[in-house]
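What follows is one structure encoded as structure tokens, with my remarks underneath.
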Amino acid sequence: MSTLLLPELARESAASNRRLARSVEDLRQREEVQPTLPQAGTGSAREALRYTLFRAAEASSLWQGTVALFQDGLDGHEARDVLQAVLEVFDSWFGLVKSTRDLWHTTDPTGASPEGLEELDAVSRDIELLKTAAEEMRTFLNRSRPPVDAAVLEKARQAVVQGRYKTPEAVRARLHDPQA
Amino acid sequence: MPYIVNTFDEVEAYLHALPGISENGRKRVIEAYLHDLAEHADDYLRRAPLAHESFTFQYEYVLIDGGSCYHFRFIADGSGMPFGVVQVIYVDYEVRPVPA
């Protein structure tokens with residue numbers, strides 16, 4: 001039923017983040033066992049950091065796309081699916097951030113604050129805000145509502161049987177011309 | 001063949017009296033339920049019947065309009081679906097500000 005591309009794009013992005021986080025973690029474990037030359041280690045950590053920041057921009061863009069879809073309007077199933085997919089992107093991105101930070105700390109045991117980590121901190125705060133917004137939307141859509149009174153529904157059914165309804169043409173006519 | 005989606009008078013009146021929503025938003029909501037139920041009523045009946053083997057089912061629609069997020073709950077009677085007709089018999093909604 002759904003023909004939305006964004007959930008698929010988001011899930012691809014999340015899967016890619018997870019693969020990259022595993023690669024960075026594998027590298028960190030190798031560095032721990034058998035350190036390379038310091039320049040090679042920090043070079044890899046710098047690459048991981050650069051790519052993690054790049055992926056933050058993608059996550060942010062996917063959230064903007066999500067908001068645009070909600071502004072166009074979605075059925076409830078689509079709305080939940082989009083939110084779930086974009087939350088997977090945020091979660092996987094934070095996994096990538098953790099792997100990248102761990103790699104930095106392994107390749108730079110002096111503890112010096114490497115160039116770019118401050119930017120990663122700032123971007124992490126931004127993505128955390130987006131993640132919180134997505135979670136709030138999901139909570140809003142998933143909260144249980146009281147069931148509709150069966151007597152109200154039956155009364156409406158009977159009224160419709162008696163002809164108290166509008167055809168789609170009549171509904172649209174009034175929508176586009178309130179005097180109709 | 002799409003279903004004919006008839007709307008209980010009180011449902012239509014309710015949608016026209018929605019406070020706060022823009023005219024564009026109102027049009028989106030109405031065009032969406034008319035379209036989605038016409039094209040996909042079978043899916044909604046299968047996915048969200050009100051009770052086991054019930055022909056009454058729920059359809060939800062979500063829209064951000066003017067800084068608010070609206071979550072509509074429509075209830076439709078599908079007992080006329082074998083004859084190509086869906087009756088929309090109930091609607092309500094919840095609204096909250098769009099998270100910053």
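Each chain gets a letter, A, B and so on, in the order its sequence line appears, and its residues count up from 1. Since the structure is predicted, the reported quantities are computational estimates derived from the model, not experimental observations.
Per-residue heavy-atom pair counts under 4.5 Å with chain A were compared for B/V29, B/D65, B/V98, B/D92, and the maximum is reached by B/D92. Contact count versus chain A (heavy atoms, under 4.5 Å) is highest, among B/E39, B/H16, B/Q87, for B/H16. Chain A forms the most heavy-atom pairs under 4.5 Å with one residue out of B/A32, B/G66, B/C69, and that residue is B/C69. For the set A/L69, A/L74, A/V160, the entry with the most heavy-atom pairs within less than 4.5 Å of chain B is A/L74. When the candidates B/Q58, B/E23, B/E10, B/K27 are compared by the number of heavy-atom contacts under 4.5 Å with chain A, B/K27 comes out ahead. Most heavy-atom pairs under 4.5 Å with chain A, from the set B/L63, B/V85, B/V62, B/V88: that is B/V62.
Between A/F140 atom CZ and B/Y70 atom OH the span is 10.0 Å, to the nearest 0.5 Å. The line from CG of A/L141 to NE2 of B/H71 is 5.5 Å long, rounded to the nearest 0.5 Å. Distance check: B/I4 CD1 to A/E169 CD gives 7.5 Å after rounding to the nearest 0.5 Å. How far OG1 of B/T7 is from CZ of A/R164: 13.5 Å, rounded to the nearest 0.5 Å. The line from NE2 of A/H176 to CD1 of B/I30 is 8.5 Å long, rounded to the nearest 0.5 Å.
Of all heavy-atom pairs between A/P168 and B/V5, the closest is CD-O, 3.1 Å. Here the shortest heavy-atom pairing between A/L153 and B/I75 reads CD2-CG2, 4.1 Å. Closest approach of A/A159 to B/F8, counting heavy atoms only: CB-CE1, 3.4 Å. Nearest heavy atom pair, residue A/P147 against residue B/R73, reads CA-NH1, 4.3 Å. Annotation for B/D9 and A/K166: closest pair OD1-NZ, 3.2 Å, computed over non-hydrogen atoms.
When only modelled atom types and interatomic distance are considered, B/S79 and A/R157 share no side-chain donor-acceptor pair under 3.5 Å.
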- Item | Candidate pair A/M137 and B/I64, rule side chain to side chain contact (heavy atoms under 4.5 Å, CB included), full reasoning | CA-CA 11 Å; A/M137 291 282 281; B/I64 287 180; 4.1 Å; yes
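Within the 4.5 angstrom heavy-atom criterion, only backbone atoms of B/V95 (N, CA, C, O) approach chain A. Contacts between A/R145 and chain B at a heavy-atom distance below 4.5 Å involve backbone atoms as well as side-chain atoms. Residue B/R28 touches chain A through its side chain alone, counting heavy-atom pairs closer than 4.5 Å. Residue B/L50 touches chain A through its side chain alone, counting heavy-atom pairs closer than 4.5 Å. With a 4.5 Å cut-off on non-hydrogen atoms, B/D36 touches chain A through its side chain but not through its backbone. B/N24 does not touch chain A: none of its heavy atoms, backbone or side chain, sits under 4.5 Å away.
The side chain to side chain donor-acceptor pair (under 3.5 Å) test with A/D75 singles out one residue from B/Y59, B/Y44, B/Y61, and that residue is B/Y44.
Heavy-atom neighbours of A/E128 CD from other residues, nucleotides or ligands within 6.0 Å: above the threshold of 12.
Side-chain contact check for A/H77 versus B/D43: every heavy-atom pair is 4.5 Å or farther apart.
Applying the salt bridge (Lys or Arg N to Asp or Glu O under 4.0 Å) criterion to B/E31, with sequence neighbours excluded, gives A/R172.
By the criterion of side-chain heavy atoms lying less than 4.5 angstrom apart, applied directly or through intervening Ile, Leu, Val, Met, Phe, Trp or Tyr residues, A/V97 is not grouped with A/L129; the two fall into different hydrophobic clusters. When hydrophobic clusters are built by joining Ile, Leu, Val, Met, Phe, Trp and Tyr residues whose side-chain heavy atoms come closer than 4.5 Å, directly or via intermediates, B/Y90 is not grouped with A/V161. Hydrophobic clustering (ILVMFWY, side-chain heavy atoms < 4.5 Å, transitive): B/F83 and A/Y165 are in distinct clusters.
Ion pairing between a basic and an acidic side chain is recognised when a charged N comes within 4.0 Å of a carboxylate O; B/E60 and A/R80 show such pairing.
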